Amino acid sequence: MGQQNPYKVVLTIIIGLLLLYWFTQHNFFLVGSLVVGLVALLSDWAAIKISAGWMQLAQVLSRIFPPIVLGAVYLFILTPLALMARLSKRRNELNLTNQATTLFKEVNKNHAPKTFEKMW
């Protein structure tokens with residue numbers, strides 16, 4: 001990932017904190033956005049450090065949350081779908097329990113030569 005502009009990252013943090021304040025009405029988020037904004041405005045070094053810390057937090061969270069989300073999708077969506085499919089009446093669509101030497105099905109259809117003229 002390329003180097004981000006620290007002021008864009010700080011502005012994103014400020015907007016996120018203001019949105020959290022708007023939804024929750026907790027003054028902590030309003031004060032936090034004001035502090036982050038003023039510190040980044042007064043010091044370039046602090047803006048770079050805030051940006052670097054935010055990117056490190058994002059990197060750590062990107063290693064933690066995808067396995068949790070994918071596990072939840074597997075557990076709460078795919079597992080019930082598989083169990084419902086097992087309980088349905090159409091059980092052997094792949095012919096996996098077939099004892100024949102091949103799994104190919106014999107299909108005897110007569111095709112007119114005209115069907116091969118314009119296939120697409």
Side-chain angles (χ1 to χ4, degrees):
M1 187 170 171
Q3 183 67 20
Q4 295 285 333
N5 184 352
Y7 293 108
K8 286 183 181 180
V9 175
V10 170
L11 183 61
T12 304
I13 295 170
I14 291 169
I15 290 172
L17 288 172
L18 288 175
L19 286 174
L20 286 172
Y21 170 73
W22 187 41
F23 286 121
T24 63
Q25 297 298 319
H26 292 301
N27 288 334
F28 171 76
F29 296 120
L30 186 62
V31 172
S33 68
L34 183 65
V35 168
V36 169
L38 286 176
V39 167
L41 184 65
L42 295 175
S43 172
D44 291 337
W45 178 83
I48 292 170
K49 292 299 179 186
I50 291 171
S51 174
W54 183 258
M55 289 300 162
Q56 286 179 349
L57 176 67
Q59 194 172 31
V60 167
L61 292 178
S62 72
R63 294 185 188 272
I64 295 172
F65 280 105
I68 293 172
V69 171
L70 290 175
V73 166
Y74 181 80
L75 184 65
F76 296 117
I77 295 175
L78 294 179
T79 301
L81 284 175
L83 292 175
M84 286 189 300
R86 284 187 176 210
L87 294 175
S88 71
K89 293 180 181 177
R90 300 180 346 185
R91 292 185 59 125
N92 195 16
E93 290 185 12
L94 295 177
N95 284 334
L96 295 178
T97 58
N98 189 359
Q99 300 298 323
T101 58
T102 181
L103 293 178
F104 288 107
K105 292 182 179 180
E106 187 74 29
V107 178
N108 294 321
K109 289 185 180 179
N110 292 331
H111 295 286
K114 192 171 186 175
T115 60
F116 294 105
E117 290 176 6
K118 291 185 179 179
M119 293 192 308
W120 309 108

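These numbers were taken from a predicted model, which means no experiment stands behind them.
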Quick one: does [X]'s side chain get under 4.5 Å of [Y]'s, heavy atoms only?
X	Y	value
Tyr21	Asn27	yes
Leu11	Lys8	no
Leu18	Phe29	no

Closest approach of Ala112 to Thr115 (non-hydrogen atoms, all atoms of both residues): O-OG1, 2.7 Å

Shortest non-hydrogen separation from Val39 to Ala46 and the atoms involved: CG1-CB, 3.5 Å

Reference residue Trp22; test side-chain contact (heavy atoms from CB on, under 4.5 Å); the match among Thr24, Leu20, Leu19: Leu19

Transitively linked via ILVMFWY side-chain contacts under 4.5 Å: [X] with [Y]?
X	Y	value
Met84	Ile77	yes
Trp54	Val36	yes
Leu30	Phe28	yes
Trp45	Val9	no
Leu61	Leu17	yes

Nearest-0.5 Å distance that lies between atom CD1 in Ile13 and atom OG in Ser51: 7.0 Å

Derivation and outcome, side chain to side chain contact (heavy atoms under 4.5 Å, CB included), residues Leu83 and Leu87: CA-CA 6 Å; Leu83 292 175; Leu87 294 175; 5.5 Å; no

Thr79 side chain vs Tyr74 backbone, donor-acceptor pair below 3.5 Å: yes

Main-chain N/O of Ala40 paired with Ser43 side-chain donor or acceptor, under 3.5 Å: no

More than 12 heavy atoms of other groups within 6.0 Å of Gln59 CD: no

